[in-house]
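Here's the structure, in C-alpha cells; my notes come after.
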Amino acid sequence: MAIRTIYSPKVLVSPNPHSQATMAGNHFYTATVSLDLEGKVVGVGDIRAQTRQALTNLTHLLEAAGGTLKDVARVMIYLSDMRYFQGMNEAYREFFQGDVLPSRATVTGTFGIPELLVEFDVIAHIEND
C-alpha cells in the first residue's frame with residue numbers, strides 16, 4: 001500500500017520534518033493545531049478560538065484528501081491543561097454533531113509552542129474510487 005502526502009494551500013506547511021497529512025490506502029492521518037498560514041497562533045489564551053482554528057485546518061486537509069468531518073473515525077485530543085476541557089468541547093460540538101461521532105480520548109501534554117492550548121491527532125477513513 002502506497003503512502004501519499006496530502007497538501008492543502010489553506011494550511012501552514014510546517015518547517016519541521018512532517019507532512020500536513022498522509023493517506024495510506026483509505027486511511028487518513030493528521031495532527032492539527034491553531035496555526036494560521038503565517039505560522040502564528042490563532043486565539044492566544046482562548047481555547048474555543050484555538051479549537052475552531054485547529055478543526056478548520058482539519059476540515060481543509062480532509063477536503064484535500066477527498067473527505068469530510070463525517071469520515072473521521074478517531075480523535076486524540078491533547079490539552080495543555082484539563083481546565084480547557086469544557087471550552088474545547090463547546091467548540092468541538094460546532095464541528096462534530098449527530099448520532100455517529102468519532103471515538104476520542106483527551107489527555108494533557110505540553111507543546112513546542114507555549115501559546116498552544118490544544119492539538120488534535122486524527123484518523124479518518126476516506127473512500128477513494
Side-chain angles (χ1 to χ4, degrees):
M1 160 179 15
I3 296 174
R4 65 184 174 97
T5 299
I6 302 301
Y7 168 77
S8 171
K10 297 177 181 179
V11 177
L12 174 71
V13 174
S14 175
N16 299 317
H18 62 82
S19 301
Q20 289 180 330
T22 57
M23 290 286 297
N26 290 338
H27 295 96
F28 169 94
Y29 304 92
T30 194
T32 60
V33 295
S34 63
L35 296 178
D36 65 15
L37 284 171
E38 285 78 44
K40 295 181 181 158
V41 175
V42 172
V44 173
D46 182 343
I47 188 62
R48 289 166 188 83
Q50 287 200 21
T51 298
R52 286 183 194 104
Q53 181 64 43
L55 294 178
T56 296
N57 289 344
L58 170 62
T59 301
H60 294 319
L61 292 168
L62 285 163
E63 289 170 354
T68 71
L69 288 171
K70 292 182 183 206
D71 297 312
V72 174
R74 173 84 169 129
V75 180
M76 183 69 178
I77 303 166
Y78 298 91
L79 292 172
S80 65
D81 190 306
M82 213 38 94
R83 67 188 165 130
Y84 297 122
F85 186 76
Q86 181 178 347
M88 179 277 300
N89 265 328
E90 290 171 9
Y92 183 95
R93 283 186 183 104
E94 296 172 17
F95 291 81
F96 293 100
Q97 305 168 0
D99 294 332
V100 180
L101 297 169
S103 68
R104 61 175 240 197
T106 307
V107 297
T108 58
T110 56
F111 305 108
I113 301 172
E115 295 82 14
L116 290 175
L117 304 177
V118 64
E119 181 170 2
F120 297 91
D121 187 357
V122 176
I123 300 171
H125 185 268
I126 299 172
E127 289 293 336
N128 291 318
D129 298 329

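Note that the numbering runs from 1 along the sequence shown for the chain.
- Geometrically, R104 does not engage F96 in a cation-pi contact defined by less than 6.0 Å to the ring centre and at most 45° from the axis.
- For CG of D99, the number of neighbouring non-hydrogen atoms (other residues, nucleotides, ligands) closer than 6.0 Å is 12 at most.
- Under a 3.5 Å cut-off, the side chain of Q20 and the backbone N or O of L12 do form a donor-acceptor pair.
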Exercise. Start with the C-alpha distance between K10 and L37, add both sets of side-chain angles, then the distance that settles side-chain contact (heavy atoms from CB on, under 4.5 Å), and finish with yes or no.
Key: CA-CA 7 Å; K10 297 177 181 179; L37 284 171; 5.6 Å; no
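- In this structure, Q50 contributes its side chain and L117 its backbone to a donor-acceptor pair below 3.5 Å.
- Expressed to the nearest 0.5 Å, how far CG of L69 lies from CG of L62 amounts to 6.0 Å.
- Under a hydrophobic clustering in which Ile, Leu, Val, Met, Phe, Trp and Tyr are joined whenever their side-chain heavy atoms come within less than 4.5 Å, directly or via other members, L101 and I126 fall into the same cluster.
- Put simply, V33 and M88 are part of two different groups of oily side chains (I, L, V, M, F, W, Y) that touch within less than 4.5 Å, one to the next.
- In terms of modelled atom types and a separation under 3.5 Å, the side chain of D81 and the main chain of R83 share a donor-acceptor contact.
- Closest approach of S14 and N16 over heavy atoms only: OG-N, 2.9 Å.
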Practice problem: Report the C-alpha distance between M82 and T106 in whole Å, list the side-chain angles of each, state the deciding distance to 0.1 Å, and finish with yes or no for side-chain contact (heavy atoms from CB on, under 4.5 Å). | Solution: CA-CA 9 Å; M82 213 38 94; T106 307; 4.1 Å; yes
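- A heavy-atom distance below 4.5 Å is not found between the side chains of T30 and I6.
- Counting only heavy atoms from C-beta outward, the side chains of M76 and V107 approach each other to under 4.5 Å.
- Looking only at side-chain heavy atoms (C-beta outward), I47 and L79 come within less than 4.5 Å of each other.
- Closest approach of R48 to G87, counting heavy atoms only: CG-O, 3.4 Å.
- Cluster annotation: V75 and L55 are assigned to the same hydrophobic cluster (Ile/Leu/Val/Met/Phe/Trp/Tyr, side-chain heavy-atom contacts under 4.5 Å, transitive).
- Contact of the L116 side chain with the S34 side chain is registered, since non-hydrogen atoms from C-beta on lie closer than 4.5 Å.
- Between V72 and F28 there is no side-chain heavy-atom pair separated by less than 4.5 Å.
- At a cut-off of 3.5 Å, with distance as the only test, a side-chain donor of Q53 or N57 sits close to an acceptor on the other residue.
- With rounding to the nearest 0.5 angstrom, the CD atom of E119 is 7.5 Å from the OG1 atom of T32.
- By the neighbour-count criterion of 12 heavy atoms within 6.0 Å, atom CD1 of I3 is sparsely surrounded, having that number or fewer from other residues, nucleotides or ligands.
- When every heavy atom of G112 is checked against every heavy atom of P114, the shortest pair comes out as O-CD, 3.6 Å.
- The minimum heavy-atom distance between H60 and V11, with the atom names listed, is CB-CG2, 3.8 Å.
- At a threshold of 4.5 Å between non-hydrogen side-chain atoms, the residues F120 and L58 do not count as touching.
- A distance of 15.5 Å separates OH in Y84 from CD1 in I77, rounded to the nearest 0.5 Å.
- Note on V118 and V44: separate hydrophobic clusters, where clusters join Ile, Leu, Val, Met, Phe, Trp and Tyr whose side-chain heavy atoms are under 4.5 Å apart, directly or indirectly.
- Looking only at side-chain heavy atoms (C-beta outward), L61 and V122 stay at 4.5 Å or farther from each other.
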Quiz prompt | Stepwise side-chain contact (heavy atoms from CB on, under 4.5 Å) check, F95 with T56 | solution = CA-CA 9 Å; F95 291 81; T56 296; 3.7 Å; yes
